[in-house]
Amino acid sequence: AAKHRLWPEIDKVSTEQLHYARLGVGGAGGWQLFAEDGDMRMYRREEEADGLVVDPLKACHVVKGVTGHEVCNIFYSPEYRSGWEATLEDMTVVEKISDDTLVFLQTHKRIWPASQRDALFWSHIRRVSDDQDPDAHDLWIVCNHSTEYTEHPPNAGKCVRVYLTVCLVCQTFIDPPKEGSEITRDDITCKITYCSVVNPGGWAPAAVLRAVYKREYPKFLKRFTSYCIDQCKDKPILF
Ligand SMILES: CCCCCc1ccc(-c2ccc(S(=O)(=O)CCO)cc2)cc1/C=C\c1ccccn1
């Protein structure tokens, strides 16, 4: 993977996004809580770029019974995506850069009154050992970042191309079971941080975009995490 033309950007953006995800939502960051459901907290900042709503989103969730490795694997792997991504209409893997880096082209269902969108992005999964605290559990991250491909120019067909940067950061916590007994799924908890910035590409009314995000993001994270629990519950734990 080191020699691919995109590798420097993949490494830089993934490192930056990990740092960004680990920043808190308190203080002067301007984060406002806009959705809450059980252990899930969803924050956004109201931001516009050339008159387009690009509200950064940060969601924090705690899920029992799955590891960060399992959650990131499901988020990254193409074969699971249609099982949890409700707004997906079509998805293809444009290039396999390496085992841990793929390039996706996906179209999302049209959301009235805006025109239909598609997204072309590289997706990279990596394990990060916590250098500060070596006996803390490893982190897993998936970073998705829009990219250009001459074979798939933006806005060539019916879809408006969105530009996104997304990261999913997961940390596993294990409650040590009784002396000598094996770790079960009841002993594991996964702390999830999901960050996204989506530039809608072409014009879409601010009120429509904010309504879409307010409705779709909580649904998306709940559906995704439920899917992970369901997919993993009868399988051996992947640490
Ligand atoms: C006017 C409507 C414009 C928005 C259309 C749209 C664009 C992009 C995306 C999107 C959302 C999550 C990702 S990902 O996290 O990388 C996972 C892989 O799929 C990639 C793309 C979605 C949606 C449309 C709906 C929507 C918006 C938020 C949340 C959920 N659905």
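Whatever order the structure lists them in is the order used to number ligands and atoms, beginning at 1. Numbers here are sequence positions counted from 1.
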Check: every ligand 1 N/O to protein N/O pair under 3.5 Å:
| from | atom 1 | to | atom 2 | distance (Å) |
| --- | --- | --- | --- | --- |
| ligand 1 | 15 (O) | Tyr194 | OH | 2.7 |
| ligand 1 | 16 (O) | Asn144 | ND2 | 2.9 |
| ligand 1 | 19 (O) | Glu85 | OE2 | 2.5 |
| ligand 1 | 19 (O) | Gln106 | NE2 | 2.6 |

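- Note that Arg81 lies in the cation-pi zone of Phe104, set by a 6.0 Å cut-off to the ring centre and a 45° limit from the axis.
- Annotation: salt bridge (Lys or Arg N to Asp or Glu O under 4.0 Å) contacts of Glu95 (sequence neighbours excluded): none.
- Annotation for Ser123 and Tyr76: closest pair O-CE1, 3.3 Å, computed over non-hydrogen atoms.
- Shown here are the salt bridge (Lys or Arg N to Asp or Glu O under 4.0 Å) partners of Asp90, two or more places apart in sequence or in another chain: there are none.
- At least one test fails for Arg210 against the ring of Tyr217: distance under 6.0 Å to the centre or angle within 45° of the axis.
- Listed by first and then second residue, the side chain to side chain donor-acceptor pair (under 3.5 Å) pairs involving residues 225-239 are Tyr227-Gln231, Asp230-Lys233, Gln231-Lys235 (not counting sequence neighbours).
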